[in-house]
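One structure is given here, and the rest of the page talks about it.
Order of the sequence lines sets the chain letters (A, B, ...), proteins ahead of strands, with each chain counted from 1. On a predicted model such as this, the values are computed, not experimentally measured, just so you know.
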There are 2 protein chains.
Amino acid sequence: MAKPKLDDVARVAGVSPTTVSRVLNNRGYISQATRDRVQQAMAEINYRPNAIARSLQESKSHVIGLVFPSVANPFYGELAFRIESKLADHDYKVVLCNSQDHPETEARYLDMLLANQVDGVITGAHSDVVANAPYLAAPLVTIDREETGRYPNIRCDNVDGARQATRALLEGGARRVVHFTSRISDHNLRQRGYRQVIAEAGLQPEVVELGFDTPPEEHRAHIYAYLEQHPDIDAVFASNDSYATMAVQWAYKTGKAVPGDFQVVGFDGTPTVRSLLPHLATVVQPLDAIAEQAVTHLLRLIEQQADPAACAGKTEVLPVTLHRGATLR
Amino acid sequence: MAKPKLDDVARVAGVSPTTVSRVLNNRGYISQATRDRVQQAMAEINYRPNAIARSLQESKSHVIGLVFPSVANPFYGELAFRIESKLADHDYKVVLCNSQDHPETEARYLDMLLANQVDGVITGAHSDVVANAPYLAAPLVTIDREETGRYPNIRCDNVDGARQATRALLEGGARRVVHFTSRISDHNLRQRGYRQVIAEAGLQPEVVELGFDTPPEEHRAHIYAYLEQHPDIDAVFASNDSYATMAVQWAYKTGKAVPGDFQVVGFDGTPTVRSLLPHLATVVQPLDAIAEQAVTHLLRLIEQQADPAACAGKTEVLPVTLHRGATLR
DNA sequence: ATGAAAGCGCTAACAG
DNA sequence: CTGTTAGCGCTTTCAT
């Protein structure tokens, strides 16, 4: 037989649909007797309310869209896990979207999410489509981006992290520190921190761009080749732990002593990477705080219907910590 | 102003809602002139169909529930990424659920998903709630479980992987191979493969249970303590790469030569781990094939309304490959 | 080729 | 305390 609906419960219990709805939502006055009869009827026919019909009625889906480059990347995987868990505590579901940093993919996902009447969106995508979309129908919070002036942004203190990392390398005696990054940009805050400290030390910055959507093995080849060609580089500050690990592996392969001859610091420091590679020095992002803030901000926007314009450019910058591991002198 | 609805388009275009619906879905006959007028009206008021209303009407949500222990774990993160991408190609959305292997959490998620009228469920959860639920309203496919007899299961060849790993350790000269696993069980196929090869070699199996929902650092402590107390262990077969890495780290710390004095093989071999730790020997699961099969099976169940009973116990066992790395002699 | 009316499953006025 | 009625936004008979 077909799925029982509210009307079926009403019929079995011998009451009106309204009454059933009332006991379901615990609204209004109902006699204990009726309540019991209704509940019994529900149990009897194994009734489950249809959330879609409800959503249509209240024009609220209780769904949040999560747009990330890819949860295959532990940084986003960890974040997605935390965000989903926290949202679940508030009875929100999460629709997962892996944009792979393709602008068109991102745009398609955004469209899809809006068509699905999501109550909000959290995005950590790199491309600019989502974060620069004109004001959306749903509240949106971005993670780890430069300010857009449009949507709130939650991120760690990238400049400070980069400064700490670079300074630590110099204090360890590095004379030539290269910075590997995905994309060169003046807005890139990790790059900015690196450049600051390098300049303060009277050195020349050396930033190598590895590209976003190229496969990991190309990054590796690029890193190896660069280090090969510049043998007097004695330190690497990488904009993520994957690049950092590749640099360390190159050093091992080449027979360089780490951190004796060659120091490395990465960025992100997810639990996954720190457990797998405890010796890797890295700037640790406060994943939990980021997730917490993103969720809190979004829910505030959704629930108290805070004025989006007011929260527009709001940014939350969370502190990082340097994990010194054993690739730093 | 409020979101434009289909009726608004109809009014602007000077036609009936039915006609608008027709051009929207490309159904029935409509004159080119009308079609154009309607499309223009849509563009004019920036109309987007409401997917929720549609879902209610067609009683089909185009949503798949994905229940995993946690996408913070690269194995599930990678799988989630692939599954979501493949489902997106077929216009299905994914609702993400991290059950953390808590049976009650899993049960709650399942309830939620059914209330939300998902068209199907894919689960890789360890606990038995989902996989042993009585026949559900929606098709369900499980990943990496023993057969339930109820739902189709997609998995890699755990027995073969374990056999290959254990055999490789023995061929490398190991005399005492311990197996670290999450949970001891006769149904555990990796354990079974290990025991088979150990028995064939006339040795005693040695299986250590580390527990599922304990934090990683407890696993590490447990592994270190066990190895400390049994100094003549010269090889480890771990049921995942996290345990394997811990064993390797213990060996480094203790000054044992790897693989000279101490060999290690893990399991899973996700791209993440292989990139971070290329030297770790591990049984590589065919992630892409697993995702592909899971999606294909599920869509088949959903779309051609294949008889669930027919597909019930169906299992798909995919081949693994041993990555020898450098922790294996 | 187009429209009127009914209904997907539920909730919210408004009565009583 | 409970029921009647209308409607969320869309699709779908059934007419015309």
Go through the side-chain N and O atoms of A:Thr19 and A:Ser16 and say whether any donor and acceptor fall under 3.5 Å apart. yes
Judged by nearest nucleotide, the residue sitting upstream toward the 5' end of DNA chain C, A:Arg27 or B:Ser59, is B:Ser59
Closest nucleotide of DNA chain D for B:Leu6 versus for A:Arg35: which of these residues is on the 5' side? A:Arg35
To the nearest 10°, give me the bend of the helix from C:dA1-D:dT16 to C:dG16-D:dC1, comparing the axes of its five terminal pairs at either end. 40°
Starting from C1' on D:dC10, measure out to CG on A:Asn116 and report it in whole angstrom. 14 Å
With a 4.0 Å limit, can you tell me whether B:Asn50 has a side-chain N or O closer than that to the phosphate oxygens OP1/OP2 of D:dC8? no
If I compare all heavy atoms of A:Ile143 with all of A:Ala294, which pair ends up nearest, and what's the gap? CD1-CB, 4.0 Å
Using atom OH of B:Tyr29 as one end and atom C1' of D:dA15 as the other, report the distance to the nearest whole Å. 17 Å
May I ask you to say whether A:Asp119 pairs ionically with A:Lys93, meaning some side-chain N is under 4.0 Å from a carboxylate O? no
Any donor-acceptor pair, under 3.5 Å, between the side chain of A:Thr18 and the base of D:dT4, if you only look at N and O atoms? yes
Terminal contacting nucleotides, 5' and 3', DNA chain C versus chain A (heavy atom, 4.0 Å): C:dG9 to C:dC14
Interatomic distance where NZ belongs to B:Lys60 and C1' belongs to D:dT12 [whole Å]: 18 Å
Where the side chain of B:Arg22 is defined as all heavy atoms beyond and including C-beta, which of D:dG3, D:dT11, D:dC14 is the nearest nucleotide? D:dC14
Given atom CD of B:Glu58 and atom P of D:dT12, what is their separation to the nearest angstrom? 7 Å
Figure out the CG/P separation between B:Asn26 and D:dC10, and round it to whole Å. 17 Å
Rounded to whole Å, how long is the line connecting atom CG of B:Asn25 with atom C1' of D:dG9? 13 Å
Report which part of the nucleic acid B:Leu56 touches: base, sugar-phosphate, or nothing (heavy-atom distance under 4.0 Å, all strands). base
Less than 4.0 angstrom from a charged side-chain N to a carboxylate O is my criterion; do A:Arg11 and A:Asp8 meet it? yes
Residue pair B:Asn153 / B:Thr315, side-chain donor-acceptor N/O under 3.5 Å: no
Looking only at heavy atoms, what is the nearest atom pair of B:Leu301 and B:Pro152, with distance? CD1-CG, 4.0 Å
Give one of base, sugar-phosphate or nothing for A:Ser55, where a contact means two heavy atoms less than 4.0 Å apart. nothing
Indicate, with a heavy-atom threshold strictly under 4.0 Å, whether A:Val15 touches base, sugar-phosphate, or nothing. sugar-phosphate
Are any of the side-chain nitrogens in A:Arg82 or A:Glu78 under 4.0 Å away from the carboxylate oxygens of its partner? yes
Side chain to side chain contact (heavy atoms under 4.5 Å, CB included) test vs A:Tyr92 passes for just one of A:Leu87, A:Ile83, A:Val118, namely A:Leu87
Under 4.0 angstrom between A:Ser31 side-chain N/O and D:dT2 OP1 or OP2: yes
Plane angle bin for B:Tyr76 and B:Phe68 - parallel if under 30°, tilted between 30 and 60°, otherwise perpendicular: tilted
Is atom CD of A:Gln40 surrounded by more than 12 heavy atoms (other residues, nucleotides or ligands) closer than 6.0 Å? no
What nucleotide, of D:dG9, D:dC1, D:dT11, holds the atom closest to the side chain of B:Lys5? D:dG9
